[in-house]
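Worksheet for the structure shown next.
As the structure lists them, so they are numbered: ligands from 1, and atoms in each ligand from 1.
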Amino acid sequence: MPSSQRPSQAVGAADTDAGPLYIGFDLSTQQLKALVITPTLKAVHLAKFDFDADSRGFEIKNGVQTNEAEHEVFAPVAMWLQALDKVLGDLKEQGLDFRRVRGVCGAGQQHGSVYWGQGAEGVLGGLDSGKELEEQVTGALSHPHSPNWQDASTQRECDEFDDALGGKGALAGVTGSKAHHRFTGPQILRFQRKYPDAYKKTARISLVSSFLASLFLGKIAPFDISDVCGMNLWDMEKGGWNERLLALCAGPYGVPDLKSKLGDVPDDGGIHLGKINHYFVERYSFNPSCIVIPSTGDNPATILALPLRPGDAMVSLGTSTTFLMSTPEYRPDPSTHFFNHPTTPGLYMFMLCYKNGGLAREHVRNAINNKLGKASTTSSPWSNFDNALLTTPPAGQKTDIDQMKMGLYFPRPEIVPNLRSGEWHYNYDPRKKTLKETTDGWDRPIDDARAIVESQMLSLRLRSSGLVHSPAKGVPAQPRRVYLVGGGSRNKAIAKVAGEVLGGVEGVYKLDVGENACALGAAYKAVWALEREDGQTFEELIGGRWKEEEFVEKIDEGYRPGVFERFGQAVEGFEMMERQILEKEEGRNGRKNGMNGANGDGA
Ligand code: XUL
């Protein structure tokens, strides 16, 4: 049985009327989730299927399989098919009246690709509602696995992508990102070389998001205008495929063939793709006029979990760290990502994606608990860490003339910057602008609590500095609001440091949707697509229905004059520190062009 959840915290509304409903699906690495909402944005049903706990017949761990010798990480597509029937079956058991569902939309883990065989559309259109999807659709694939975003097997392909347009900066300028192992273009290139027969037999290629939409639609759905930017193939300013990158990716099989595998991309994220596949009407009693909306990536869906305004920032504090902003400015850089905004033409989604986050903080937390012993058996495991964080002064400086303490904490190899796993400690003198690798004056591991959280926030501030603006005369450039989501958002001590370093003139907020941000964003996208008036933007429609007092909680004041400026000095030291570490590592490795080894992510 799926590990279903009856309405809980985020899904608590009584669904009394018989009005329309919308479903947002989230096909992520570890689970498939379905969240049902009303047009007033109340969540009324939630079902989920945990791949490790609930799937049958797949040897997976954390939702994926690995081939360590080649740094491959992939997921069996059949498992996702199994999950979709189970999740819908669970919603049916919960009593969901599928006839009321007016629209479905999804969020998919980004970059993963699904390879369809020649007869795929025939299979999807002719499904037998008496049988499960897994039994019928698995045979329509030309390859059983979908490369996962954690895959690191494409170093050679990344180098070729970076070179194709003249360098990482040029590739980032055109596609929004330099080459990354997980991006779909390098993945398709490797697939084409490793499995030439399967490539030849492939009629269409889907992203995880468009795969989900294809099942609902009964034919291959186009890519979503935002998620397509996670491929290193889409020319963002031109709004079309980049022919040179397609030529590289297609190799001997040619561009026209690859173009037909990829299909056309509609530029409206709210386009009605068509009515739901008869399979779902017959098997689950969906209304035959239910409309399928393009599913998007999980990160683009996350920024749709609230009417995020340009200038607001979202920080997802999970196992990894993600920083998202909606912005009208396109300022590509090899260390960041730009995507088209999933719903609003003229806006972009800016993203920073780190591998390290919660796990790194847990290491420091454990070291502190080992030193101090747990305060009591009932206290939170974080109480010593939080106490250390709150009693240590900003940048570890007791007085203005003290050195600032800073460091990098990467238990896993990091993407931003591209650096091996390791830990580094530095003292920085902001008056002389000098830096020294040392732990002189550090009370370890106590001082590490502040240093690690600050280092994570300083990296975000450094890399988003070009996109934030001064909100009023005399006030330094910073985000308007900072929204925290994910596990770490529950920690108020971390929120305080986030506010000190990042600012936020209107404060730091916790978005109280539990772990459901992606599914919620997808469901809101469906509401907008089906209920918008001519020209009405997502932000206008969802903003009008959004109940701030119910959905978000202010957890920190944000901008503190004086402290914010002190961290402005710390950012300078932090940038110097990163550069110095990278240079030392480059010397150590004796390699040019940074650390592109199997540990890093992309060239
Ligand atoms: C983003 C990325 C991850 C996945 C997680 O580039 O690779 O955030 O989208 O599912």
Side-chain angles (χ1 to χ4, degrees), residues 25-33 50-51 62-64 71 73-75 80 83 106-114 146-154 158 161 171-172 175-187 206-212 223-224 226-234 236 295-305 314-325 332-340 342 348-359 412-416 418 460 463 485-487 515-519 521-522 600-602:
F25 291 86
D26 172 21
L27 178 42
S28 67
T29 312
Q30 314 230 24
Q31 58 185 10
L32 174 71
K33 198 182 284 177
D50 180 285
F51 298 137
N62 298 326
V64 291
H71 308 290
V73 184
F74 47 89
W80 298 340
Q109 49 182 289
Q110 292 200 266
H111 318 297
S113 39
V114 174
S146 172
N148 179 266
W149 60 277
Q150 297 164 96
D151 182 281
S153 66
T154 54
C158 283
F161 265 76
L171 186 67
T175 70
S177 302
K178 74 173 172 75
H180 290 272
H181 290 152
R182 64 194 191 283
F183 273 50
T184 326
Q187 288 288 342
S206 290
L207 289 170
V208 177
S209 54
S210 61
F211 162 76
L212 196 56
F223 296 134
D224 162 78
S226 181
D227 214 16
V228 73
C229 304
M231 302 179 83
N232 278 142
L233 292 174
W234 188 255
M236 290 185 54
S295 296
T296 189
D298 53 358
N299 292 299
T302 299
I303 64 166
L304 301 181
M314 276 181 106
V315 185
S316 172
L317 297 169
T319 312
S320 57
T321 310
T322 317
F323 179 92
L324 303 166
M325 264 182 93
D333 180 281
S335 66
T336 68
H337 303 285
F338 276 87
F339 294 76
N340 287 320
Y348 298 93
M349 181 183 84
F350 168 78
M351 179 171 84
L352 296 168
C353 186
Y354 298 77
K355 279 197 181 155
N356 289 289
L359 201 67
R412 300 173 65 200
E414 185 48 78
I415 311 173
V416 192
N418 190 356
L460 301 179
R463 295 184 164 88
V485 293
E515 307 295 309
N516 297 333
C518 310
D601 180 79

Does Gln31 use its side chain to pair, donor to acceptor, with the backbone of Asp50 at less than 3.5 Å?
-> no
Under 3.5 Å, is there a donor-acceptor pair linking the side chains of Ser209 and Asp227?
-> yes
Check: Thr322 side chain, Cys353 main-chain N or O, donor-acceptor pair, under 3.5 Å = no
Tell me: protein heavy atom nearest atom 9 (O) of ligand 1, and distance?
-> Asp298 OD1, 2.7 Å
Should you measure from each heavy atom of Gln109, which atoms of ligand 1 turn up under 4.0 Å away?
-> 10 (O)
Contact region, His111 to ligand 1, non-hydrogen atoms below 4.0 Å, reads side chain
Looking at side-chain heavy atoms only, is the closest gap between Phe183 and Leu233 below 4.5 Å?
-> no
At a 4.0 Å threshold, what atoms of ligand 1 neighbour a non-hydrogen atom of Met351?
-> 1 (C), 6 (O)
Side chain, backbone, both or neither: Arg182 near ligand 1, heavy atoms under 4.0 Å = side chain
Taking Ser320 for its side chain and Lys355 for its backbone only, find out whether a donor-acceptor pair lies under 3.5 Å.
-> no
What protein heavy atom is closest to atom 8 (O) of ligand 1, reported as residue, atom name and distance in Å?
-> Asn299 ND2, 3.0 Å
